[in-house]
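Here's the structure we're looking at; comments come further down.
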Amino acid sequence: MTLTRNGIAYRVSLDLPKGGYVNLGIGIPTLIPNFLPEDTDISIHSENGILGVGPMAEPGTEDPDLVNATKEFVTLNPGATIFDHALSFTMIRGGHITHAVMGAIEVAANGDLANWSAPGEKVPGVGGAMDLAFGVQHLYIAMTHVTSKGAPKILNACRCPLTAPRCVQRIYTDMAVMDITPEGMMLREYAPGLDPEAVQEKTEPRLLVADDCRPMEIPERVNGVRLVAETAAS
Amino acid sequence: MTLTRNGIAYRVSLDLPKGGYVNLGIGIPTLIPNFLPEDTDISIHSENGILGVGPMAEPGTEDPDLVNATKEFVTLNPGATIFDHALSFTMIRGGHITHAVMGAIEVAANGDLANWSAPGEKVPGVGGAMDLAFGVQHLYIAMTHVTSKGAPKILNACRCPLTAPRCVQRIYTDMAVMDITPEGMMLREYAPGLDPEAVQEKTEPRLLVADDCRPMEIPERVNGVRLVAETAAS
Amino acid sequence: MIDKNVASCAEAVSDVFDGATIMIGGFGDPGVPGRLVEALREQGATDLCIIHNGAGGGDFSLGGLIQDGRVRKLVASFPSGTGSTAFRERYLSGDIELELVPQGTLSERIRAAGAGIGGFYTPTGVGTRLAEGKETRIINGREYVLELPLHADFAFIKAHRGDRLGNLIYRLAMRNFNPIMATAGKQVIAEIEELVPVGELPLEEIHTPGIFIDRMVEVPRLPQLFAPPKRGAAT
Amino acid sequence: MIDKNVASCAEAVSDVFDGATIMIGGFGDPGVPGRLVEALREQGATDLCIIHNGAGGGDFSLGGLIQDGRVRKLVASFPSGTGSTAFRERYLSGDIELELVPQGTLSERIRAAGAGIGGFYTPTGVGTRLAEGKETRIINGREYVLELPLHADFAFIKAHRGDRLGNLIYRLAMRNFNPIMATAGKQVIAEIEELVPVGELPLEEIHTPGIFIDRMVEVPRLPQLFAPPKRGAAT
């Protein structure tokens, strides 16, 4: 069994501390706020100058002056603040943002990240990804373990252009939770029903297995949202 | 006849353009606002983060949170703005302040300025003087032509530590108005009753005399304030 | 009496010249001075270098300017948005030059120009393709890349309210690049939604002091682009 | 629920250690977190490096801390104010070290620390005694001096109103160095005059977002230090 995209988001949400300042990339990370308890006081940061981003705006109530970094219409939570790009990237580059969660095209065993320039993409675009990868205190990756064609995305070395070298701290996938450690990539948890060997099979670098490596504790559903996939991993 | 301190301030005021953004140093420059017409829309800048400084606060009405760079209690003019030190020195260093008027210990013929460290002063202090001298569009000096002991302050070369090299554009004294030009220091105007020779006598570098060099047109009093000294220059 | 307000967008952009470098504020739609850019399309200046976070969208505003073939070079962090069809087409045909800059470096380079900073060292990009050929330096054990200021002949910005002195207030996420671009253009032109009398903008809420603004033009907010804010805190 | 408010100034400064570097906000009296500094005098940490625009005055706050012999080094732009008697005395007797920095360079070095910038080139000081021994460089025909960021273990700042998340608003010229020092201290401690509920501070007027604040303490404004503002525009 593997996790759904919501399941990956749920698992990340468990590791975001109370009062954290968190920047969420596009894709799976945008699902994380649905799983944060109400009293966490976690502030979601958006590069375009918002701290305290709330839920997406209900259709018909969008404010044209209020979008997030993905240009979606959002709302604001109580205590939200607005600022210009200079202060927004002071927060990022200056190490004030505690966590960024973003997707990846490739992650290497040493923590190298490639997520801004995909093979075959003709028009490059980097946005705030590099500043985040170089600047935040904790960089987490949330992604599917393999490509849609089944190829590993966790590699011995990245082949795509780097976003930043040695920046990733932890990877969350549909199969596992892994830490980048000085000794190498360490498996911490695997999806319910899998085992370390199954994860290793889809992972290019040799995985270290943590002493307390264990199956994830993850409910099948939360608030009616399915966290564990119905079919077994391919 | 020479100008009073108010007379020097008055003469400077004639050269500040409508809509200018002007930083005024301590001493004679603080007298300038008294002579600005009401409709000039000149904004007075204070390094501590004010644009649009108004008259000094009346005794008893001082606001403890509102001082200028000299720590005097001031008021604000309509349209005034408040900002932090970073933006205040963006205005200065970035060349947005159109004019600074400051005093000097020494000015050299090439426009070198020394006004932050006087001979015998044991505790140094520079404040915003250097940033202003390097950053503003037009740097004007308003000072007495000679020291209290009668020694020239306009020199072939500064002896005191420099505030900035080649920064002064124009000098206003009780005796004259002089421009720093690529060819040298040029006498533009002299106080009523003086002549170019009398100014040269109190000035170390050789003065060039402008083709249209002329006596200042300056009233004896404005609003009851005396602009021309009662006794002749020493 | 100083009054920086001009009568029309056409007048506001009339002196933009061929080959000019122009900053355009905004991120996504909020804060984009779209009417000024449309007036620039009418005005005719060409061979332009545009500094903007993205590459515009559709055939309005920056998207239209690119589609018209008027942009020689774009300096941007994210020109690859799906809506940036005009840019994509001209970029792939080799008709437009791109300088790709990480968003924080873009913002800091603009600020440096406005603040009189000659250059700065940022960690962002070290060891990546975007720092190739750039000078690097180790300071206190960390490697940084030297980045230079981005100046512009003109900055087009947008604000919510302003007075004749050029004091400006932005609404919500309209702020983004606008306050820093306001410091960095030789001529700064603001499109504002509402002109108010001097003294009406609350002193401590003014985001851009008038010193940075050269010209402004009032372009009332289009009703169809406006939905009332949903929460009390958001106004 | 996050609440950055602590009960007393003593608690707020309890972990300041001997040898620490501390930024202190304010310019003149406005914006000086005087009660925090007084609590630090009580607390006892010594051998301190203080970063502040001036050198304090009289025997209260920073003036008192210097008089008590607790400051090893001062980084300042204007320590020569006539009221800075304690500093003058200890400086002339060689008991305190001074790093004199032009005010704009001081502010920019603090900002650089907060913004993750490794260093920057400023024109200010080139060819003067204050740039002696520093690296210079010509960029686009102008000479600049390299300046490095100023970090601090603690930043003591003062604000007018704040909420439990650390969002802060400054009043009038109280702002000065406070917002940039708030970005640059490892631990940032705010003395605020009034604690208000979350959501009460108008969203777009918040000068310092709470992300920068670690701890805060409410110290109601002393009535004798307060005169009502004179003009409508000034509040």
Side-chain angles (χ1 to χ4, degrees), chain B residues 46-50 52-54 57-58 60-80 82-93 95 112-114 116-117 121-135 161-166, chain D residues 27-31 53-55 57 76-81 83-84 87-88 91-92 98 100-108 110-111 122-131 160 170-181 207-208 221-222 224-231 233-234:
Chain B
S46 183
E47 291 96 303
N48 57 324
I50 312 173
V53 178
E58 298 286 334
T61 70
E62 297 93 342
D63 188 307
D65 291 332
L66 193 55
V67 302
N68 63 11
T70 318
K71 285 91 176 179
E72 297 157 320
F73 292 105
V74 293
T75 59
L76 298 172
N77 284 333
I82 296 275
F83 33 86
D84 66 19
H85 254 78
L87 196 60
S88 186
F89 281 84
T90 285
M91 293 179 187
I92 293 173
R93 202 192 307 99
D112 283 3
L113 170 65
W116 70 275
S117 181
E121 246 177 32
K122 303 240 175 73
V123 181
V126 64
M130 276 195 186
D131 299 282
L132 285 160
F134 278 89
L162 290 193
T163 304
R166 299 172 183 277
Chain D
F27 182 102
D29 287 329
N53 185 64
S77 91
F78 198 73
S80 49
S84 299
F87 175 79
R88 169 175 298 266
Y91 179 74
L92 295 181
L98 172 66
L100 189 69
V101 184
Q103 198 173 139
T105 301
L106 182 64
S107 128
E108 192 69 8
I110 295 166
R111 180 190 178 273
T122 177
T124 303
V126 168
T128 77
R129 184 179 286 182
L130 295 192
H160 182 48
Y170 307 94
R171 186 174 171 276
L172 296 172
M174 176 192 283
R175 203 178 314 179
N176 57 68
F177 282 94
N178 284 305
I180 47 174
M181 287 184 173
H207 302 121
T208 292
R221 201 177 175 101
L222 296 176
Q224 69 269 31
L225 285 179
F226 179 75
K230 291 149 305 303
R231 5 178 105 247

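Lettering of chains follows the sequences in order, A, B, ..., and the numbering in each one begins at 1.
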Query raised in the report: Among Arg88(D), Met174(D), Arg175(D), which has the most heavy-atom pairs under 4.5 Å with chain B?
Result: Arg175(D)
Report task. Could you tell me whether Arg111(D) and Asp84(B) have a side-chain N and a carboxylate O separated by less than 4.0 Å? Result -> no
Query raised in the report: What part of Asp112(B) is in contact with chain D, defined as an atom under 4.5 angstrom from a non-hydrogen atom: side chain, backbone, both or neither?
Result: neither
Query raised in the report: Any donor-acceptor pair under 3.5 Å linking the side chain of Arg93(B) with the backbone of Gly104(D)?
Result: yes
Query raised in the report: Which residues pass the ring-ring contact (aromatic ring centres under 6.0 Å, His included) test with Tyr91(D), sequence neighbours left out?
Result: Phe87(D)
Report task. Please flag which part of Ala69(B) lies under 4.5 Å from any non-hydrogen atom of chain D: side chain, backbone, both or neither. Result -> both
Query raised in the report: Does any heavy atom of chain B fall under 4.5 Å from the side chain of Ser84(D), the backbone, both, or neither of them?
Result: neither
Report task. With a 4.5 angstrom heavy-atom cut-off, could you sort out which part of Thr163(B) is near chain D: side chain, backbone, both or neither? Result -> backbone
Query raised in the report: Mind checking whether Pro124(B) and Leu98(D) have side chains closer than 4.5 Å, heavy atoms only?
Result: yes
Query raised in the report: Which one of Gly54(D), Gly28(D), Pro179(D), Gly125(D) has the most heavy-atom pairs closer than 4.5 Å to chain B?
Result: Gly125(D)
Query raised in the report: Which residue out of Ile180(D), Asp29(D), Val126(D) racks up the most heavy-atom pairs below 4.5 Å with chain B?
Result: Val126(D)
Report summary line: Between the CD atom in Glu47(B) and the CG atom in Asn53(D), the distance rounded to the nearest 0.5 Å is 9.5 Å
Report summary line: Residues passing the side chain to side chain contact (heavy atoms under 4.5 Å, CB included) test with Ser88(B), sequence neighbours excluded, are His45(B), Phe83(B)
Report summary line: Rounding to 0.5 Å, atoms CG (Leu113(B)) and OG1 (Thr128(D)) come to a distance of 11.0 Å
Query - Top of Pro79(D), Gly81(D), Ser80(D) for chain B proximity - count of heavy-atom pairs under 4.5 angstrom - result: Ser80(D)
Query raised in the report: Given a strict heavy-atom distance threshold of 4.5 Å, which part of Phe89(B) is in contact with chain D: side chain, backbone, both, or neither?
Result: side chain
Query - Validation row: Glu108(D), Asp131(B) side chains within 4.5 angstrom (heavy atoms) - result: no
Report summary line: Taking every heavy atom of Leu172(D) against every heavy atom of Asp65(B), the minimum-distance pair comes out as CB-O, 3.5 Å
Query raised in the report: For Trp116(B) and Leu130(D), what are the C-alpha separation, side-chain angles and deciding distance, and is it a side-chain contact (heavy atoms from CB on, under 4.5 Å)?
Result: CA-CA 11 Å; Trp116(B) 70 275; Leu130(D) 295 192; 3.9 Å; yes
Query - Side chain, backbone, both or neither of Pro123(D) within contact of chain B (heavy atoms, under 4.5 Å) - result: both
**Report entry** Heavy-atom contact with chain D under 4.5 Å, split by part of Ile50(B)
**Finding:** side chain
Requested in this report: Before giving the answer on side-chain contact (heavy atoms from CB on, under 4.5 Å), spell out for Thr124(D) and Ile92(B) the whole-Å C-alpha distance, their side-chain angles and the decisive distance to 0.1 Å.
Outcome: CA-CA 10 Å; Thr124(D) 303; Ile92(B) 293 173; over 6 Å; no
Query raised in the report: So which part of Ala86(B) gets closer than 4.5 Å to some heavy atom of chain D, the side chain, the backbone, both or neither?
Result: both
Report task. Could you tell me which portion of Ser77(D) (side chain, backbone, both or neither) has an atom closer than 4.5 angstrom to a non-hydrogen atom of chain B? Result -> both
Query - Side-chain (Asn48(B)) to main-chain (Phe27(D)) donor-acceptor, under 3.5 angstrom - result: no
Query - Non-hydrogen side-chain atoms of Asp63(B) and Arg171(D) separated by less than 4.5 Å - result: yes
